[in-house]
Amino acid sequence: MDYPQNPQRPDLRALFFAFSSVGLSGFGGVLPFARRMLVEQRRWLSAEEFNAQLGLCQFLPGPNVVNLAVVVGKRQAGLAGAIVAPLGLLAGPLVIVLLLALLYDRYGELPLAQSMLRGVAAAGAGLLFAMAWRMGAALRDKALFLPFSALVVLGIAGLRWPMLWIMLGGLVLSGGLAWWRLGPRR
Amino acid sequence: MIVLALFVEFAVLSFVAFGGATALLPEMHRVVVVEHGWLDDTTFTHLYAIAQAAPGPNVLVVTLIGWKVAGLAGALATTLAMCLPMSVLIYLLIDRWESFAGRRWQQAVSLGVAPLAVGLIFSGATLIAQAAGLGWSGLALVATVVVVCLKTKLHPLWLIGAGALLGALGLV
């Protein structure tokens with residue numbers, strides 16, 4: 001039974017194309033597609049494993065899905081897998097987006113393109129407001145923590161201070177408050 | 001060496017990108033448009049719009065900004081800078097994640113970062129709406145999208161498409 005082509009240990013090509021299909025199928029966030037591929041279709045991870053591994057990916061900053069690809073790639077095929085999986089995830093979309101960029105360079109000045117892009121940007125801003133609303137609604141202890149959101153908006157959108165310092169300061173204050181709220185027994 | 005400058009700027013930013021590349025929109029705007037003047041407001045919002053309309057992870061807006069500032073090398077530099085540092089870190093940490101998941105400091109960071117991420121995304125939304133130079137009809141579209149997105153399960157792509165259509169008709 002110990003064939004090298006054991007479905008539990010996909011070869012690098014399978015890893016690459018599995019993550020390519022994930023990258024290319026998602027619009028505005030590909031995480032649900034990653035979950036479907038990993039847990040339901042390929043069964044490389046169980047639902048619990050998926051949640052556990054996603055935990056670190058969401059804990060650390062940066063693009064969560066790329067982080068997840070690194071984790072799954074490492075699990076399935078070591079260092080080579082950890083390189084190939086995120087490459088697969090990004091290669092296809094990267095090519096598409098660069099082709100769009102070429103089109104934009106060529107036709108972006110046309111009034112029609114300008115007004116379409118303004119419409120898409122407006123819709124995109126709406127999606128971002130909705131995302132912020134949902135994330136805000138999901139916060140624990142809103143009365144305590146929402147003021148930190150407001151301070152970030154003031155500092156970033158209002159005063160245009162550098163994000164690095166706001167985030168470091170915010171992390172100390174907001175994380176410190178969370179630390180205190182959690183109490184020593186948790 | 002603009003490519004190197006891009007790489008360093010974005011690699012540093014990747015360490016505070018709680019909430020993903022989307023959370024970085026305001027800072028990318030500050031660095032690329034306000035501080036260095038590499039792009040103007042309109043181009044910045046256009047790049048965001050293109051990234052929204054294309055398939056793939058949200059990180060691609062970073063690729064587009066790199067492209068517009070410094071061509072293919074710029075695109076690769078920003079994308080790599082955004083992904084590489086955390087990828088290396090997560091590669092090294094994942095086997096030890098079980099041992100610190102759930103610890104008090106880990107929970108405190110998770111809890112503490114969440115409201116900051118909310119603020120970042122909200123700032124990004126404000127900034128895109130501002131930089132796009134929207135009039136009343138544009139702001140009405142923003143508001144409509146927010147309501148539809150929160151009240152229905154309509155796929156976001158339909159809202160993007162509607163935005164493109166209304167724009168093409170000259171209504172935004």
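All values reported here derive from a predicted model rather than from experimental measurement. So that the names make sense, note that chain A is the first sequence line, chain B the second, and so on, each numbered from 1.
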Under a 4.5 Å heavy-atom cut-off, does chain A meet the side chain of [X], its backbone, both or neither?
X: B:Glu98; answer: side chain
X: B:Leu127; answer: side chain
X: B:Val88; answer: neither
X: B:Thr43; answer: both
X: B:Leu76; answer: side chain
X: B:Leu93; answer: both
X: B:Leu157; answer: side chain
X: B:Ser110; answer: both
X: B:Leu169; answer: neither
X: B:His29; answer: both

Hey, which of [options] has the most heavy atom pairs under 4.5 Å with chain A?
options: B:Val59, B:Leu166, B:Leu64, B:Leu159; answer: B:Leu64
options: B:Leu139, B:Leu13, B:Leu171, B:Ile50; answer: B:Ile50
options: B:Thr126, B:Val147, B:Thr45; answer: B:Thr126
options: B:Ile128, B:Leu111, B:Val148; answer: B:Leu111
options: B:Pro57, B:Ala101, B:Ala23; answer: B:Pro57
options: B:Val62, B:Asp95, B:Leu72, B:Leu47; answer: B:Asp95

Starting at [atom1] of [X], measure out to [atom2] of [Y] and round the result to the nearest 0.5 Å.
X: B:Lys68; Y: A:Tyr104; atom1: NZ; atom2: OH; answer: 6.0 Å
X: B:Thr63; Y: A:Ile96; atom1: OG1; atom2: CD1; answer: 12.5 Å
X: B:His46; Y: A:Leu117; atom1: NE2; atom2: CG; answer: 5.0 Å
X: B:Gln106; Y: A:Leu56; atom1: CD; atom2: CG; answer: 8.5 Å
X: B:Ile94; Y: A:Gln53; atom1: CD1; atom2: CD; answer: 4.5 Å
X: B:Leu120; Y: A:Leu128; atom1: CG; atom2: CG; answer: 11.5 Å

Linking I/L/V/M/F/W/Y whenever any side-chain heavy atoms sit under 4.5 Å apart, do [X] and [Y] land together?
X: A:Val84; Y: A:Trp44; answer: yes
X: B:Val118; Y: A:Phe145; answer: yes
X: A:Leu127; Y: B:Ile121; answer: no

Point to revise | Step-by-step side-chain contact (heavy atoms from CB on, under 4.5 Å) determination, B:Ile90 to A:Cys57 | key: CA-CA 7 Å; B:Ile90 208 158; A:Cys57 300; 3.7 Å; yes
Practice item. Indicate yes or no for a side-chain donor-acceptor contact from A:Arg118 to the backbone of B:Gly138 under 3.5 Å, with no hydrogens or angles considered. Key: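 Here the side-chain-to-backbone pair does not exist.
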**Study point:** Main-chain N/O of A:Ala82 paired with B:Tyr91 side-chain donor or acceptor, under 3.5 Å
**Key:**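 Checking the backbone N and O of A:Ala82 against the side chain of B:Tyr91, no donor-acceptor pair under 3.5 Å is found.
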**Study point:** Derivation and outcome, side-chain contact (heavy atoms from CB on, under 4.5 Å), residues A:Leu164 and B:Glu27
**Key:** CA-CA 9 Å; A:Leu164 189 60; B:Glu27 179 69 3; 5.8 Å; no
Under 4.5 Å from any heavy atom of chain B, what part of [X] do you find: side chain, backbone, both or neither?
X: A:Gln58; result: neither
X: A:Ile166; result: neither
X: A:Leu139; result: side chain
X: A:Trp133; result: side chain
X: A:Pro162; result: both

Non-hydrogen atoms of [X] and [Y] that approach each other most closely:
X: B:Tyr48; Y: A:Ala121; result: CE2-O, 4.5 Å
X: B:Ala108; Y: A:Ala178; result: O-CB, 3.5 Å
X: A:Gly126; Y: B:Val146; result: O-CG2, 3.4 Å
X: A:Asn67; Y: B:Ser87; result: OD1-N, 4.3 Å
X: A:Ala123; Y: B:Val145; result: O-CG1, 3.5 Å
X: A:Trp180; Y: B:Arg104; result: CA-NH2, 4.2 Å

Please determine, among [options], the option with the most heavy-atom pairs under 4.5 Å with chain B.
options: A:Leu168, A:Leu173, A:Leu79; value: A:Leu79
options: A:Asn64, A:Leu89, A:Leu98, A:Val172; value: A:Leu98
options: A:Leu94, A:Leu146, A:Leu90; value: A:Leu94
options: A:Gly175, A:Ser115, A:Ala52, A:Gly170; value: A:Ser115
options: A:Leu112, A:Leu171, A:Val66; value: A:Leu171
options: A:Val70, A:Ile83, A:Val22, A:Leu24; value: A:Val70

**Study point:** Stepwise side-chain contact (heavy atoms from CB on, under 4.5 Å) check, B:Cys149 with A:Arg134
**Key:** CA-CA 10 Å; B:Cys149 189; A:Arg134 278 212 187 97; 4.1 Å; yes
Do other residues, nucleotides or ligands put more than 12 heavy atoms under 6.0 Å from [X] [atom1]?
X: A:Glu109; atom1: CD; result: no
X: B:Phe100; atom1: CZ; result: yes
X: A:Trp165; atom1: CH2; result: no
X: B:Phe122; atom1: CZ; result: no
X: A:Met135; atom1: CE; result: yes

Practice item. May I ask you to check whether B:Trp97 and A:Phe59 place their ring centres under 6.0 Å from each other? Key: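 Under 6.0 Å, so yes.
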**Study point:** A:Asp105 side chain reached by B:Trp67 side chain, heavy atoms, under 4.5 Å
**Key:**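 Result yes, sub-4.5 Å side-chain heavy-atom pair found.
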Practice item. Check whether any side-chain heavy atom of A:Ser149 lies under 4.5 Å from a side-chain heavy atom of B:Pro115, and answer yes or no. Key: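 Yes, at least one pair of side-chain atoms sits under 4.5 Å.
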Exercise for review: Give me the one residue out of B:Val31, B:Leu116, B:Val16 that meets side-chain contact (heavy atoms from CB on, under 4.5 Å) with A:Met163.
Suggested key: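 It is B:Val16; the other options fail the test.
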